Novice: 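A single structure is presented below for examination.
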Amino acid sequence: MAEAAHCDVCVVGTGAGGGILAYELARAGLKVVSLEQGGRLADDHFEKVDPPGARLDFGVRPKSTWPVDPLENLFIHPLYAKGPEGSTGWPEGSFRHYQILAVNGLQNLWNGVSVRFAEKDFSTWPFGYSALAPHYEAVESRIVVCGTKEAIPELPDGVFVPPKPLRPADEMIVAAVKSLGEPHSHAIPNRKAIDTRAGGPHSCVSTGICTSGCPVGSVYKFTARLLPEIQGRDNYELRTGAKVVRVLREPGTASVSGVEYRDMASGELRVLTADVVVLATGAVETPRILFNSADEAAPQGLGNPHGQLGLRLQDNPKAVLSTSLWRLWGKHRDYDVGYGDHLILLSRGKTRDGAEFPFIGHAIHGLPDVPYYLSEMQRFPPFMKEWLARMMFHSYVTLGLFCAGDPTPRNRVRPGTTTDAFGVPHVTVDFSVSAETEAMMEAMLKWGRRVLRHTSSTLISTGTDNTGTGIHYAGTTAISGDPARGVVDANLKCHDLDNLYVCDGGVVPVLPDKHLTLTIMALAHRLAGHLVEKAKVATAAA
């Protein structure tokens, strides 16, 4: 479609929520424009520009260390925006807000983990699991999720294709978890948005790691799977290099008229009008846009009549353990290396006061192409380093364990005092880690050590973190039945506005232990149905 001045629905963002939403709306016949502040990576970007996994350096970067720093090693990719161009400017010592300013957003480096929330995870929502279940199913079918049905109430089953087979390290971890004798502890095949079926254009090519980018689009992202089906339609436009500055409201009304955005090439301010605006830019960037949309009627920002905007920022606290398994020393690889983390782990821990909490995680087995860990073996002579490199090459595992976020109002996003390169105000993040969260992270480490000791671990390198490196941001535009306790209603519409919606992790009021990406996508599918029905009613009444 030619560049439009007006559309039925303006979708800001092309990540987990924005991609699904734009696809469903365009397929339903609505006139849709997607706005993305970044550009589009070349389809072969991860093959030629930044080869991932076993094809070059197994995700090892110039600043990588061994033993692997469990908090830093996966977060030094050049695509991450960590400077003045981002939402927060990354002040020293602050909450670390990771963004990728490109079409697909964070899904360019998405690990693909796709799990459903359980019934209990919806206890603070205005609807329950049953309302979202058909949308989970529709999205799983659309994006292709591998996994196995396990009948575990805490982790509802879905629509799956077969996963990659378990490797020796995985089988050792499965046996170790079983040996604990805990009915609440499980190690099962991971559920990931990866096409494991052979013979297709997006079939998994087993790079061994997904968080450095998939060269064939096997891990779902908008540009690889859904955009090709709608990009030639007369009713759809993807407009890149369009940085939304603010949402525009009709004076004296409860309706928005569109958005003002900065053309990143020319620097000019432009306006796109729309019947409906949906912000799908993440739990930090969406509040930034809403704060920057303040007007005379809403001096504290749009969608913020009760001061709830930006409150309760959450990320999953995590514990990470890495080791070498001596029982795998000297072994040769005769198996499919797959996609790195072939296992989901589930269990429960206890804090110091005896309170029980659930946690989830995954087990990662990686094969470094070069013995980058040898820099830490300075005292060994060269021939010993070479021998150790060969012996240990196929023996490395990492456990990444996550518990629920902390929905405290003091952890928040608020208007900032600095601006980005285009003069758009940043937001400031206030974030601290409670003693309870610290105790949960330590309990997860304790469980992880028990598992690894049953798998012949050697030196175990550990770390905990809750400063943004989970990249599961939630809570700042919470869904609520009561307008005084959140920002959006059950249909993701801002409580005080007729046609402004939010569809990203910010709407999740309390972040459970589980990865939230599939839930964002299911919410997008549900919202698409609502907007299509709303458009039909408006057309019939016209």
Side-chain angles (χ1 to χ4, degrees), residues 12-13 16-18 21 87 117-132 135 247 249 254-256 276-294 297-316 404-415 427 429-431 472-512 514 516-517 519-527 530-531 534:
V12 184
L21 184 61
S87 297
F117 286 5
E119 181 67 56
K120 64 181 178 61
D121 299 324
F122 291 90
S123 61
T124 58
W125 295 53
F127 56 81
Y129 173 79
S130 61
L132 207 56
H135 304 288
V247 178
R249 189 226 290 261
S255 296
V256 300
V276 172
V277 174
V278 183
L279 299 180
T281 59
V284 176
E285 180 70 8
T286 287
R288 180 195 194 194
I289 293 171
L290 291 173
F291 282 129
N292 290 340
S293 302
Q300 303 304 312
L302 289 187
N304 196 26
H306 298 285
Q308 294 295 304
L309 179 63
L311 301 186
R312 303 177 189 87
L313 173 64
Q314 297 156 68
D315 189 22
N316 286 123
D406 182 6
T408 174
R410 68 175 176 269
N411 288 346
R412 61 173 183 158
V413 176
R414 58 182 173 84
V427 285
V429 174
D430 298 327
F431 200 89
H472 302 155
Y473 311 130
T476 54
T477 53
I479 190 172
S480 67
D482 180 356
R485 298 182 63 82
V487 174
V488 300
D489 66 13
N491 290 317
L492 306 187
K493 183 183 72 65
C494 289
H495 282 294
D496 61 325
L497 295 164
D498 296 334
N499 58 341
L500 178 61
Y501 295 77
V502 177
C503 188
D504 54 41
V507 306
V508 176
V510 178
L511 180 64
K514 303 173 186 71
L516 77 173
T517 307
T519 296
I520 296 171
M521 298 167 88
L523 287 169
H525 188 271
R526 182 174 181 267
L527 175 58
H530 169 73
L531 293 178
K534 188 175 179 180

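What you are looking at is a predicted structure, and each value in this text was computed from that prediction instead of being measured. Start at 1 with the first residue, then count along the sequence. No hydrogens, no waters, no symmetry mates; every other heavy atom, side chains included, goes into these values.
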Novice: Side-chain contact, heavy-atom cut-off 4.5 Å: I479 with V502?
Specialist: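 Heavy-atom side-chain distance check fails, nothing below 4.5 Å.
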Novice: For G301, does its backbone N or O pair with a side-chain atom of N304 as donor and acceptor, under 3.5 Å?
Specialist: no
Novice: Verify side chain to side chain contact (heavy atoms under 4.5 Å, CB included) between N292 and V427, making sure each step is shown before the conclusion.
Specialist: CA-CA 9 Å; N292 290 340; V427 285; 6.0 Å; no
Novice: Please check: side-chain N/O of T476 versus main-chain N/O of L311, any donor-acceptor pairing under 3.5 Å?
Specialist: no
Novice: Are the side chain of D482 and the backbone of G486 linked by a donor-acceptor contact shorter than 3.5 Å?
Specialist: no
Novice: Search all heavy atoms of V247 against all heavy atoms of S293 and return the closest pair with its distance.
Specialist: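 Smallest interatomic distance, heavy atoms only, reads N-OG, 2.7 Å.
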Novice: Mind listing the closest non-hydrogen atom pair of L497 and G303 along with its distance?
Specialist: CD1-N, 4.1 Å
Novice: Set out, in order, the CA-CA distance, both residues' side-chain angles and the distance that settles side chain to side chain contact (heavy atoms under 4.5 Å, CB included) for R288 and V284, then state yes or no.
Specialist: CA-CA 6 Å; R288 180 195 194 194; V284 176; 5.8 Å; no
Novice: Side chains of P287 and T477, heavy atoms from C-beta outward: is any pair under 4.5 Å?
Specialist: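 Yes, side chains in contact.
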Novice: Nearest 0.5 Å, please: how far is CG in N491 from NE2 in H530?
Specialist: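 CG of N491 is found 4.0 Å from NE2 of H530.
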Novice: Decide yes or no for D406 and Q314: does some side-chain heavy atom of the first lie under 4.5 Å from some side-chain heavy atom of the second?
Specialist: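 Contact flag for D406/Q314 side chains = no.
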Novice: Below 4.5 Å, heavy atoms only, C-beta onward: do H472 and L511 meet side chain to side chain?
Specialist: yes
Novice: Minimum heavy-atom separation for P509 to P407, with atom names?
Specialist: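 Heavy atoms of P509 and P407 come nearest at O-CB, 4.2 Å.
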Novice: Can you name the closest pair of heavy atoms from L21 and A524 and give their distance?
Specialist: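 Nearest pair, atom of L21 first, then A524: CD1-O, 3.6 Å.
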Novice: So do V488 and Y501 actually touch side chain to side chain, heavy atoms under 4.5 Å?
Specialist: no
Novice: For V278 and V12: C-alpha separation, side-chain torsions, deciding distance, then whether side chain to side chain contact (heavy atoms under 4.5 Å, CB included) applies.
Specialist: CA-CA 6 Å; V278 183; V12 184; over 6 Å; no
Novice: Do the ring planes of F117 and W125 sit parallel (below 30°), tilted (30 to 60°) or perpendicular (above 60°)?
Specialist: perpendicular
Novice: When you check the side-chain N and O atoms of D489 and H495, is any donor under 3.5 Å from an acceptor?
Specialist: no
Novice: When rounded to the nearest 0.5 angstrom, what distance separates OG in S123 from OH in Y129?
Specialist: 15.5 Å
Novice: Does R526 qualify as a cation-pi partner of F127, given the criterion of NZ or CZ under 6.0 Å from the six-membered ring centre and within 45 degrees of its axis?
Specialist: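 Yes, cation above the ring, under 6.0 Å and within 45°.
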Novice: Name the one of T517, T519, L523 that satisfies side chain to side chain contact (heavy atoms under 4.5 Å, CB included) with M521?
Specialist: T517
Novice: Under 4.5 Å between any side-chain heavy atoms of L279 and L290, yes or no?
Specialist: yes
Novice: Would you say that L302 contacts F291 through its side chain, given a criterion of any heavy-atom pair below 4.5 Å between the two side chains?
Specialist: no
Novice: Spell out, as yes or no, whether a donor-acceptor pair under 3.5 Å connects the side chain of D504 to the backbone of G282.
Specialist: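 At least one qualifying donor-acceptor pair exists.
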Novice: Looking at K120 and K514, what are the two nearest heavy atoms and their distance?
Specialist: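 For K120 and K514, the tightest heavy-atom pair comes out as NZ-NZ, 4.0 Å.
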Novice: Mind checking the SG-CG spacing from C494 to L309? Nearest 0.5 Å is all I need.
Specialist: 8.5 Å
Novice: Distance check, rounded to the nearest 0.5 Å: S480 atom OG versus R485 atom CZ?
Specialist: 8.0 Å
Novice: Can you confirm whether L313 sits close enough to V429 that some side-chain heavy atom of one is under 4.5 Å from a side-chain heavy atom of the other?
Specialist: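 They are in side-chain contact.
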Novice: How many angstroms lie between CG in L492 and CG in L500, if you round to the nearest 0.5 Å?
Specialist: 11.0 Å
Novice: Between D430 and R410 (salt bridge meaning N to carboxylate O under 4.0 Å), is one present in this structure?
Specialist: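 Salt bridge between D430 and R410, a charged N being under 4.0 Å from a carboxylate O: no.
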Novice: Got a second to check how far D498's CG is from R249's CZ, nearest 0.5 Å?
Specialist: 10.0 Å
Novice: To check you understand the geometry: which heavy-atom pair defines the closest contact between A254 and D496, and what is its length?
Specialist: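 Shortest heavy-atom contact: CB-O, 3.7 Å.
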